[in-house]
Amino acid sequence: MIFLATQTIQPILPLYITDKGASTFELGVIISLLSFVAIAAKIPLGILAERVGRWPIIPAAAIGQTISLLLYSLAPNSTWFYPIRIFHALILAAYAPTAIAITQDLSPRGKKGAMMGVFLTSVGVTSTFGPFLCMFLVSYLPYEQVFQIASIIPLLCLIPFLMIIRDKKSSNYLRERREKDLSLRQSLRSIVSSRTIQVLSYLRLTFSFANAFLITFFAVHAEENLLLSSSIIATFFGIKGAFNMISRIPSGKIVDRTGHDYPIIIAYVLLAIAFLMFSETSNIYLLAFAMIIYGAAHGMRAVAEWSLLGDCAPAEARNIATAYLSTIFNAGAAFGGIIAGALSLIIDFPSMYKLASLIVLSGVILVILQRKSRNKSHTHVCI
């Protein structure tokens with residue numbers, strides 16, 4: 001429910017911000033602000049979750065998400081989006097790493113790929129139905145009312161949450177604390193020193209950087225240059241989300257059987273192909289096909305990366321490791337949005353997508369090189 005609300009407003013958010021008077025450069029800054037704030041907030045919030053318990057984060061995030069979406073709908077001009085994005089960033093920064101850490105903790109040994117696939121499919125469901133819900137709503141309502149309706153959705157997650165805390169076993173889990181408490185310095189040292197996590201960091205940095213190009217400017221490009229309606233644009237995002245969702249459970253099973261390298265390589269090659277298609281075509285059917293490729297690759301990438309982290313991160317530092325890797329993603333998204341906004345002043349959108357293709361392709365090269373190095377030294381994947 002928390003992610004569904006975000007995915008419902010995502011297709012129209014750039015259009016809404018520009019309607020309020022923002023330039024393309026300001027749009028890049030505003031979109032990336034969420035990521036910049038998350039960079040600073042996720043690790044401290046991850047540590048806080050270890051102190052107070054993880055489950056209380058859920059209702060706090062749900063209520064905060066509702067408030068942030070209501071604030072979007074009330075913004076009279078683009079200036080208001082700056083404090084709203086900061087508040088929204090803090091909410092999402094608290095929730096996402098905590099939810100992933102809970103999933104990793106509950107996953108049986110040898111089944112992390114499958115369990116992450118199941119959990120991330122629930123996120124994929126939102127990236128499918130959110131844009132389609134947006135498509136339906138924008139056909140009848142102005143942007144402000146779409147945000148207001150979306151603000152109701154996060155509150156629905158309080159229903160299953162209340163059911164969970166009534167359960168005795170879940171209540172005990174809610175009250176339990178970690179017996180072993182590493183300091184921030186010790187935890188970060190064990191995480192950053194892992195060569196595998198270093199490669200994961202680069203992969204997530206490159207993907208999130210390139211993905212920011214698509215998130216920030218695809219809707220603007222499609223409306224201004226391809227003359228597509230906002231409902232068609234939302235449909236494209238829905239298609240991407242559908243194949244993102246469909247690919248996640250099979251990807252988890254593939255990861256458990258073959259290891260992480262091949263799914264990651266395949267995913268990043270497909271992402272590079274999708275960006276090239278975005279740059280070369282204005283045909284609506286080819287754009288839809290590119291969205292299919294992008295969505296499927298996105299889902300495979302996410303499952304492979306998070307399950308690899310679950311296998312490699314120390315159990316006692318898993319929440320901080322999740323927050324760290326999530327922060328890396330935000331760093332790429334933040335700088336990607338800023339640079340995309342700056343590039344929009346000097347190059348066209350197709351050229352930006354070609355650049356994004358090269359960026360994600362560099363991740364493939366790194367994984368291949370690490371794989372060869374690992375095979376030569378016969379070391380374990382998580383060293």
Side-chain angles (χ1 to χ4, degrees), residues 6-7 9-39 72 75 77-82 84-86 88-89 131 134 138 143 204-230 232-237 240 271-284 286-288 290-291 294 298 329-363:
T6 300
Q7 293 295 328
I9 59 98
Q10 180 176 291
I12 61 169
L13 181 59
L15 303 177
Y16 180 56
I17 293 172
T18 54
D19 277 356
K20 294 296 183 178
S23 66
T24 55
F25 177 73
E26 289 175 314
L27 173 62
V29 173
I30 292 170
I31 293 294
S32 64
L33 187 60
L34 185 145
S35 298
F36 275 116
V37 174
I39 291 170
Y72 279 118
N77 55 63
S78 60
T79 304
W80 282 58
F81 291 113
Y82 292 94
I84 293 172
R85 292 292 280 178
I86 292 173
H88 196 188
C134 176
V138 297
Y143 292 150
R204 290 180 65 78
L205 187 71
T206 54
F207 171 74
S208 60
F209 187 93
N211 185 60
F213 288 21
L214 185 73
I215 296 300
T216 304
F217 286 118
F218 180 81
V220 176
H221 170 57
E223 183 182 61
E224 294 182 356
N225 300 333
L226 306 182
L227 304 179
L228 300 179
S229 67
S230 57
I232 294 296
I233 295 169
T235 301
F236 278 141
F237 279 93
K240 176 171 71 72
L271 288 168
I273 292 172
F275 275 117
L276 281 179
M277 293 182 68
F278 290 136
S279 72
E280 293 295 329
T281 185
S282 59
N283 182 280
I284 190 170
L286 289 177
L287 286 173
M291 283 293 189
Y294 194 94
H298 191 343
F329 190 96
N330 289 123
F335 288 105
I338 289 289
I339 293 176
L343 288 176
S344 69
L345 302 177
I346 57 176
I347 65 174
D348 57 16
F349 294 125
S351 297
M352 292 170 60
Y353 293 142
K354 288 185 176 70
L355 176 61
S357 180
L358 292 174
I359 291 170
V360 297
L361 198 58
S362 69

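In this chain, numbering begins with 1 at the start of the sequence shown.
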A.B. asks: Between Gln7 and Pro11, which heavy-atom pair has the shortest distance, and what is it?
C.D. replies: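 For Gln7 and Pro11, the tightest heavy-atom pair comes out as O-CD, 3.2 Å.
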A.B. asks: Would you indicate whether the side-chain heavy atoms of Phe218 and Leu226 approach each other to under 4.5 Å?
C.D. replies: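 No, every pair of side-chain atoms sits at 4.5 Å or beyond.
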A.B. asks: Please assess Phe81 against Tyr16 for the test ring pair (Phe, Tyr, Trp, His ring centres under 6.0 Å), listing each intermediate value before the final yes or no.
C.D. replies: CA-CA 11 Å; Phe81 291 113; Tyr16 180 56; 5.6 Å; yes
A.B. asks: Which value, rounded to the nearest 0.5 Å, describes the distance between Leu358 atom CG and Leu276 atom CG?
C.D. replies: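 One gets 7.5 Å once the value is rounded to the nearest 0.5 Å.
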A.B. asks: Could you check Val37 against Arg85 for side chain to side chain contact (heavy atoms under 4.5 Å, CB included), going step by step and ending with a plain yes or no?
C.D. replies: CA-CA 9 Å; Val37 174; Arg85 292 292 280 178; over 6 Å; no
A.B. asks: Find the distance between CG (Asn211) and CG (Leu214) and round it off to the nearest 0.5 Å.
C.D. replies: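 One gets 6.0 Å once the value is rounded to the nearest 0.5 Å.
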A.B. asks: Measure from the ring center of Tyr294 to the ring center of Phe236 and say whether it is less than 6.0 Å.
C.D. replies: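 Judged by ring-centre distance (under 6.0 Å), Tyr294 and Phe236 do not meet the cut-off.
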A.B. asks: In Å and rounded to the nearest 0.5 Å, what is the CG to CE distance from Asn283 to Met277?
C.D. replies: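 Those atoms lie 9.0 Å apart.
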A.B. asks: Show the nearest heavy-atom pair for residues Phe213 and Gly336, with the distance to one decimal.
C.D. replies: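 Shortest heavy-atom contact: CE1-O, 3.4 Å.
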A.B. asks: Say you draw a straight line from CZ of Phe329 to CD1 of Ile39; how long is it, rounded to the nearest 0.5 Å?
C.D. replies: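 The distance works out to 11.5 Å.
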A.B. asks: Pair up each side-chain donor or acceptor in residues 343-355 with any protein partner under 3.5 Å, not counting sequence neighbours, and list the distances.
C.D. replies:
| residue | atom | partner | partner atom | Å |
| --- | --- | --- | --- | --- |
| Ser344 | OG | Thr24 | OG1 | 3.3 |
| Ser344 | OG | Gly341 | O | 2.6 |
| Asp348 | OD1 | Ser351 | N | 3.0 |
| Asp348 | OD1 | Ser351 | OG | 2.6 |
| Lys354 | NZ | Glu280 | OE2 | 2.8 |

A.B. asks: With side chain to side chain contact (heavy atoms under 4.5 Å, CB included) as the criterion, how do Phe237 and Ile215 come out once you've worked through the C-alpha distance, each side chain's angles and the decisive distance to 0.1 Å?
C.D. replies: CA-CA 10 Å; Phe237 279 93; Ile215 296 300; 4.2 Å; yes
A.B. asks: Between Ile31 and Leu13, is any pair of side-chain heavy atoms under 4.5 Å apart?
C.D. replies: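 They are in contact (side-chain heavy atoms under 4.5 Å apart), so the answer is yes.
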A.B. asks: Drop me the distance from Ile284's CD1 to Ile232's CD1, to the nearest 0.5 angstrom.
C.D. replies: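 Answer for the CD1-CD1 pair, Ile284 versus Ile232, is 5.0 Å.
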A.B. asks: Considering non-hydrogen atoms only, spot the tightest contact between Phe25 and Ala342 and give its length.
C.D. replies: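 The pair with the smallest heavy-atom distance is CD1-N, 3.9 Å.
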A.B. asks: Which atom names give the shortest non-hydrogen contact between Ala210 and Phe275, and what distance separates them?
C.D. replies: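 Smallest interatomic distance, heavy atoms only, reads O-CZ, 3.5 Å.
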A.B. asks: Grab the two heavy atoms, one from Gly332 and one from Ser208, that are nearest each other, plus how far apart they are.
C.D. replies: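 What the structure gives for the nearest pair is CA-OG, 3.1 Å.
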A.B. asks: Look at the aromatic rings of His88 and Tyr72 and report parallel, tilted or perpendicular, splitting at 30° and 60°.
C.D. replies: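 The rings of His88 and Tyr72 stand perpendicular, inter-plane angle above 60°.
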A.B. asks: Any side-chain to backbone donor/acceptor pair from Ser32 onto Gly28? Under 3.5 Å, distance only.
C.D. replies: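 Between the backbone of Gly28 and the side chain of Ser32 there is a qualifying donor-acceptor contact (under 3.5 Å).
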A.B. asks: So, do Ile339 and Phe209 sit near enough that their side-chain heavy atoms are less than 4.5 Å apart?
C.D. replies: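 Side-chain contact under 4.5 Å: yes.
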A.B. asks: Indicate the atoms forming the closest heavy-atom contact of Ala290 with Ala274, along with that distance.
C.D. replies: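 Distance-wise, the nearest heavy atoms are O-CB, 3.8 Å.
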A.B. asks: Measure the spacing between CD1 of Ile12 and CD of Glu223 and express it to the nearest 0.5 Å.
C.D. replies: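 Atom-to-atom, Ile12:CD1 and Glu223:CD are 11.5 Å apart.
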